[in-house]
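Please read the structure below before turning to the comments.
Counting from 1, the numbers follow the sequence of the chain as shown. Every value quoted in this text rests on a predicted model; they were computed, and no experiment measured them.
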Amino acid sequence: MTQKLEEEQTADEEQKQKFECWCKQNNDDKSELGPKIDRLGTQIRTSNIELNKAKATMEKADAIRKQQLEAFKEDEASLLASVDQASKAITALNSSASAEMKAAYAANAGSSLLQMPPAELKALTTGLRQVMENRGALVYSKLSSADRVAIDDFIRDPFKVVKGNAFLQRDDPTSTSSSIVGILKTMLDDFNEDLQKEVTEEKENDRSYKALIAAKTSEKKVLKEQIVKKTQEKSDAESLLETSKQDIKTTTKAIAADVKFQAAVENRCTKSDDKFKERMQSRMQEMTAVSKTIQVLRSEESRDLFGKTVSFLQQSAHARRVERSAAKAGAFLLEQGRRLGVQRLITVGLQSRIDSFTKVKAAIEEMITALKKEQEDEIKHKEMCVDDLDQNKINTEEKQGVKTRAEDKITALKKKVSECEAQIASLNAEIAEMQKQVQIAGQSRQKENVKFQTEADDQRQTQVVLKKAVKFLEDFYRSSERASLAQITAHRADEVQPEDVGGPEGFQDYKKNAGGAGAMGLIETIIADSAKLEAEAVQAEQEAQSAYESFVAETAENIKAKTAEIDSKTKEKVRGKPDPSDHVQEEATPDYPLWRSVPIELGKGLEYKYVRLKGDGEAVWEFDGHNRCVSPDVITTSSVVDDGDFGGALDEAFCYPKALAEKVDRGSSFNLPDGNGMQLVVIGDDSGAGHGAKGYNGWAAQLGKLLNQQYGYGYCNAAEIGSCVQETLKKGLSNLLPKPIPQVVVFAFSMELRWLATCPEWDRQTIYDNTMKAFAALAAEAWDMGIMPVFAGLTPNSGFEKQQAKLLRDADNEMKRMGVPVLDWLHVISRGGDNFGTWAEGLAHSAIHPNTSGHERMFSAIDISIFQPQKVKELLQRREADLKDVARTCFEDGRGMVISYHAKQKELIVENNTDDQYELNPGWGDMQAGLSAAFREAPWSLQRGLYLSHGSENAIFSIYLGESGTLQSIGQLPPRSVARLRHLGRCLERLPPTSQVLFRDDNLQVVKTETGSLQLFNQAASEYNVHPMWYDVRQATKTMEHGVYEDVSGQAFRTAIISCHGLQSRVKVPARSAVELQRVGDLQSIKQVAVLPLGDRCSTRMLLHKIEYDGPCYPFDLTRTTSLGDVVDMVATGFSDMWNPDQLYYDGELGRVFHRKWSGLSFAHEVEYENGEDPIGNFAPIIERMRKRYSGRAARFDWACKNADHVLFVRTGVASRGEVCNLQSRMLEKYPGLEARLLLISEQDTSEFSGLKDFIHVRESFDPDRMYEDMNYWINCAHRFRGILDSVGVTARTLYWCPNDLKEAEKERQESSKGGQTQPAGDLAAPKLTSEVAKFSHANLYELHQEQVTPEAIGA
């Protein structure tokens, strides 16, 4: 029984599994039909749309060309007819008038000047009438009113005009300037010009059409192929559609049946599950009943009962008892079987009635054994499930531990990287500080050494002087001669004296000065002291030098140690970052990757991809669905793989040997021997080196091999990775070329404009200009060396947009106008249309580099005839001939104006042999054409740059030649004069040797001439403002003699004030020209006026900015208050309360800072909301910034009042007479001896201020709010304001420029005083100023601390 129960349970479980599989299969199969139908419909619609697009494109191309052709034929017929009629008319009139007209005129034979037959004359006018009907509007627009009347009269009634002698009314009968013939010739010229334009336009249209047809033909071919393909696809789609429709019908029916079947399946499955649960429950109840039965049979009571009642001697009784027990057991089994619904118990119960009790007992025992086995199996199964769950839990915990460890490792590595970065930054700061200290120590050591040299030299000089003095005394007091003289004198004293003969008393014996020996001793003591001081100074100098050397050595060791530590920390930092090139992915989940370091075996190739680990631990895979791949075929040794940018898989990975990675030039430097003495060198960047091409076999390498094979050229590639044209210029071409010098050099800087993709928009034009100048300079340097230069074409950039693409196109065109052959490939490797400037499909390795296909396309576009040896030799021989001492004429105007060029001297000679002044300007077309033609013929001449006159002219004369040798500046040439202009050169190497270059960059050069004049050269395309805030220029001009420098033009901003501070005025230099300023007087010859605004609003500052007087005035814009009384109090208190925190408060509603003491004072732009400042929560940072800003402005206000020759205070807004008087008196109290005037601009009546001294009132009004809104109003106000300043003597020439860095200015003035420069008396009272900041800028106004300076301190 138990065995049967087990078999039934196994059968039930197998049946349940079958039902589950059957249910799942039927549900899944039927659910896929819906998406399949949708996909079929989408494919059919897509095929129809593509077919319609192809047809529309074909029809449009035919219509456009048909319209163009019809329009041209119509215009051409009209113009040809007009030209024919006009030509006939002119021929007829000229032929009939030539002989007869002259004869009639000579004989005064009436008024008949033209004897033309009436029929011919009528036919002539009819033709002209048709011309005027066809093109009358255009003809009339080009004729004068008199000519229009004449031609109308002639067409309307030719006989009347002839009779009236309307033709040829000048003294010379052959003149046609105002005649019908002249008019007709003018018309004919216009018609021919229009016809030429039409023909040119038609040629252009034809060229465009042919290009269009070629493109459309190719496109049509592609479209036809697509149409065939799409037609087949459509046919297949239609067939599939029909099949699908049939399938839909069949499937729909099947679906209905399947749905019904599925419902039945679900119902049966559900019932099966319920039935299985019911069977399991019944089995458990059955087992319970059997267990209880066994308990009954095996109980002690039953055994006792059986023992008492069963006996071998009582068989009948025993039989009856057995029958009763069997009946009882059977009844119990039947009862339990019926109650539980277990058929097996009912069967056993019925069997107990039939069989003997022994069989029943055996059956029960068998069933118990089976049930126990089932129980044991179920327990084992449960234990197995528990074990599986435990193992799964253990695995989960283990994986979670791995994840946690990985995350902890990532966190630890990030922390380590951050710590390393912080340590590296700290070490760099320490190194910078040590280097700064070394520099400071060096400066101090230098100053100490200078001081030592001075002191030692002073002591030595002192000793020399004193020793000379001692020698003189010794010669007198201690010499042997003096001793002999003394002896002789003593000896004579012993002799007999002559008889007294009377007379005055004679001389006494001479005695030495008793103090002589003391004086000698004192001097000798001083000499000894001086020698001692010298020895002490030498000892101190040696000790200081030793200490300095020790300090430098120790610092160098510290720097070396710190640098080594930086290297160590850098390596630790690198080790702390996961590097996908050194690791392979071991395991990954959607949330995190795990890595392990292993050697990468490439024997079977490698597939991989990169993952980006963000700062928060997130991993971002570069793409899904495919991998990067490196084939083992391209790797024969340790290799470097350049596979592009993250997220951009390349079709081919760029692979090269690792050994090449250590070479700057990579695979470019290989040489080919020459076969005919010709040599070619390539100098350039990555493109020239072959980067991106397989095996570095780029366009340059392919060109070198071809030229070696075809022309026997020797070849050397000296291109370098990362090189640029500017750096090449700095190195010098001669330093880069091999020896012997080649005949041809290719400048392969194809990627030079790559910076345009990333630079700010405002910087793009500057980069373009500098690049073009550099290219021209390289070409000129090559020509000077006797080498033919060749430009490699520029390459696209995937990051270019429209503006960058336009500059790329302009650069390509300008290079072709430099007289240098160009490898013209830009248009074959770039996309067309709006995408011009970006790489064509499949040609780029990266955004800037070509790939192997790109290099091959570039090589295929090269015209190798450029390098034909004979052509190159002839060109270089012609250059040699040009370098002879002769001048080549470039342009003549036929009146006496001649321009010629001397190639050897690099001189441009401009001769004006007329009595008129000539203006040379870029708009003179004939001159530009002549210069351009001369440049094309001899591109080594007319070099680009500034040309300067070097004769004895009073005024400097300069011109600038640009691309193609054309003029790009304006110059005036006086009558009967010759200007010899010499090319300055890129490094000003052709200046006179006596000139001194004070400052130079790529655009501006400042030069001091032999005569002491100041020359400024501007080679930029825009005007240059040279002013004191340009620190380097100001420092450079300190070497000039102090004084006033001006040119002879009399223009504004052509005055340079040079003092101990250097340049102290603004000078404007026009674009691409030179200005020479000559010293016209000392600093006392000009009275400089400081313009100091006193509010009430910002009108004055805005107007000064617009007239470009703002440089010296902007720092003083600090008293914008509506009350002039407040201004008086501010000045009197030194402005200190302006930034007093107790007096300032913030009004949140108005968004302004107000002042409690000076109610008219407010500040609108002090709070930096964009930086998160909260003036209500934390007002302290705002007050601190105001303190620094306005204390600096106050210091400059004070400096200007004490140092300017004159001060003009400017006030806008209403003020009373009393306020004006109070201001004047308080200013004099604050600054005794101040020469100042107050300019008040308001709408008040001027009579209110009559009689006031040093006061000017102008009845005018300037609205700053309107100036902000209306630029025209602002400009108009600026013109009026300039007129006001002019009227009071304030001009660009007299404007005072206050120094920005007052500490530096004070130091400069003191040094100048020590050097003997005379300073104004007012300077002595100026305060000594110190600053905590080395340099000044308006963006970083700093605090200045005033210190009281006593007269004793100044004298000291």
Side-chain angles (χ1 to χ4, degrees), residues 726 729-730 766 769-770 772-774 776-777 780 905-908 910 920-922 942-963 965-973 979-1028 1030-1040 1045-1049 1051 1053-1056 1058 1062-1063 1065-1079:
Q726 302 286 355
L729 267 179
K730 291 179 181 179
T766 301
D769 292 339
N770 290 339
M772 292 299 101
K773 285 197 294 185
Q905 300 295 333
K906 289 186 173 55
E907 280 187 343
L908 194 68
V910 185
L920 306 180
N921 65 74
L942 298 175
Q943 291 187 5
R944 180 172 182 158
L946 192 65
Y947 288 76
L948 189 70
S949 61
H950 53 88
S952 58
E953 299 92 338
N954 292 329
I956 193 171
F957 181 65
S958 66
I959 63 174
Y960 188 93
L961 296 185
E963 61 181 48
T966 56
L967 184 69
Q968 294 188 359
S969 64
I970 298 176
Q972 305 288 338
L973 191 64
R980 303 183 67 89
L981 302 110
R982 176 168 294 180
H983 185 247
L984 288 179
R986 190 174 62 88
C987 300
L988 305 182
E989 62 270 15
R990 298 187 184 92
L991 278 175
T994 53
S995 295
Q996 177 185 358
V997 179
L998 304 180
F999 172 82
R1000 178 173 66 87
D1001 66 10
D1002 289 338
N1003 293 320
L1004 181 74
Q1005 297 87 40
V1006 181
V1007 174
K1008 178 182 179 181
T1009 67
E1010 181 184 14
T1011 60
S1013 298
L1014 183 67
Q1015 292 180 340
L1016 299 101
F1017 307 140
N1018 176 17
Q1019 304 202 41
S1022 58
E1023 182 182 65
Y1024 247 76
N1025 273 290
V1026 186
H1027 51 75
W1030 194 340
Y1031 182 82
D1032 293 336
V1033 173
R1034 183 171 64 81
Q1035 293 295 320
T1037 53
K1038 285 183 179 180
T1039 60
M1040 300 289 296
Y1045 293 78
E1046 292 181 329
D1047 70 352
V1048 297
S1049 68
Q1051 299 181 25
F1053 299 107
R1054 291 290 179 85
T1055 300
I1058 297 180
L1063 180 66
S1065 62
R1066 182 196 298 268
V1067 179
K1068 288 188 176 184
V1069 187
R1072 291 172 170 169
S1073 63
V1075 170
E1076 182 171 6
L1077 307 176
Q1078 298 178 349
R1079 191 174 187 275

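Proximity of a side-chain donor or acceptor of Ser969 to a complementary backbone N or O of Ser1073 within less than 3.5 Å is not detected. Side-chain atoms of Ser1065 come within 3.5 Å of backbone N or O of Thr1055 as a donor-acceptor pair. Thr994 places no side-chain N or O within donor-acceptor distance of the main-chain N or O of Glu1010, the cut-off being under 3.5 Å. Formation of a donor-acceptor pair under 3.5 Å by the Thr966 side chain with backbone atoms of Gly962 is not found in this model.
Closest heavy-atom contact between Asn1003 and Lys773: OD1-NZ, 2.8 Å. The two atoms that bring Leu1014 and Leu998 nearest to each other are CD1-CD1, 4.3 Å, heavy atoms only. Nearest approach of Ala774 to Gln726, heavy atoms of both residues: CB-NE2, 3.9 Å. When all heavy atoms of Pro1070 and Lys1068 are compared, the closest pair comes out as CD-O, 3.9 Å. Nearest heavy-atom pair across Ser1013 and Gln1078 is OG-CG, 3.4 Å. A pairwise comparison of heavy atoms in Arg982 and Gln905 identifies NH2-OE1, 3.9 Å as the closest pair.
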Chi angles and distances behind the side-chain contact (heavy atoms from CB on, under 4.5 Å) call for Leu908, Leu942: CA-CA 8 Å; Leu908 194 68; Leu942 298 175; 3.7 Å; yes
Tyr1024/Leu1016 under side-chain contact (heavy atoms from CB on, under 4.5 Å): CA gap, chis, key distance, verdict: CA-CA 10 Å; Tyr1024 247 76; Leu1016 299 101; over 6 Å; no
Stepwise side-chain contact (heavy atoms from CB on, under 4.5 Å) test for Arg1079 and Met1040: CA-CA 10 Å; Arg1079 191 174 187 275; Met1040 300 289 296; over 6 Å; no
Criterion side-chain contact (heavy atoms from CB on, under 4.5 Å) on Val1075 and Phe1053, from CA distance to verdict: CA-CA 11 Å; Val1075 170; Phe1053 299 107; over 6 Å; no
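Here the side chains of Asp1047 and Leu1077 are in contact, with some heavy-atom distance below 4.5 Å. Residues Tyr1045 and Val1067 form no side-chain contact, since every pair of their non-hydrogen atoms from C-beta on lies 4.5 Å or further apart. Residues Tyr947 and Val910 form no side-chain contact, since every pair of their non-hydrogen atoms from C-beta on lies 4.5 Å or further apart. Two residues are said to be in side-chain contact when any heavy atoms from C-beta on lie closer than 4.5 Å; Phe1017 and Leu991 meet this criterion. For the pair Leu920/Phe957, a side-chain contact is recorded, criterion being any heavy-atom separation below 4.5 Å from C-beta on.
Expressed to the nearest 0.5 Å, how far OG of Ser995 lies from CD of Gln1005 amounts to 13.0 Å. Note: Gln1015 CD to Leu984 CG = 8.5 Å, rounded to the nearest 0.5 Å. Here the CZ atom belonging to Arg1066 is positioned 5.0 Å from the CG atom belonging to Asn1025, to the nearest 0.5 angstrom. One distance of note links CD of Gln1019 with CG of Asp1001; it measures 10.0 Å at 0.5 Å rounding. Taken from CZ in Arg1072 to CD1 in Ile970, the straight-line distance is 12.5 Å, to the nearest 0.5 Å. Separation of atoms CZ (Arg1000) and CG (Leu988) is listed at 6.0 Å; rounding is to 0.5 Å.
Checked against His983 for a side-chain hydrogen bond (donor to acceptor under 3.5 Å, both in side chains), the options Lys906, Glu907, Arg990 give a single hit: Arg990.
Heavy-atom contacts from other residues, nucleotides or ligands closer than 6.0 Å to CD of Glu989 number more than 12.
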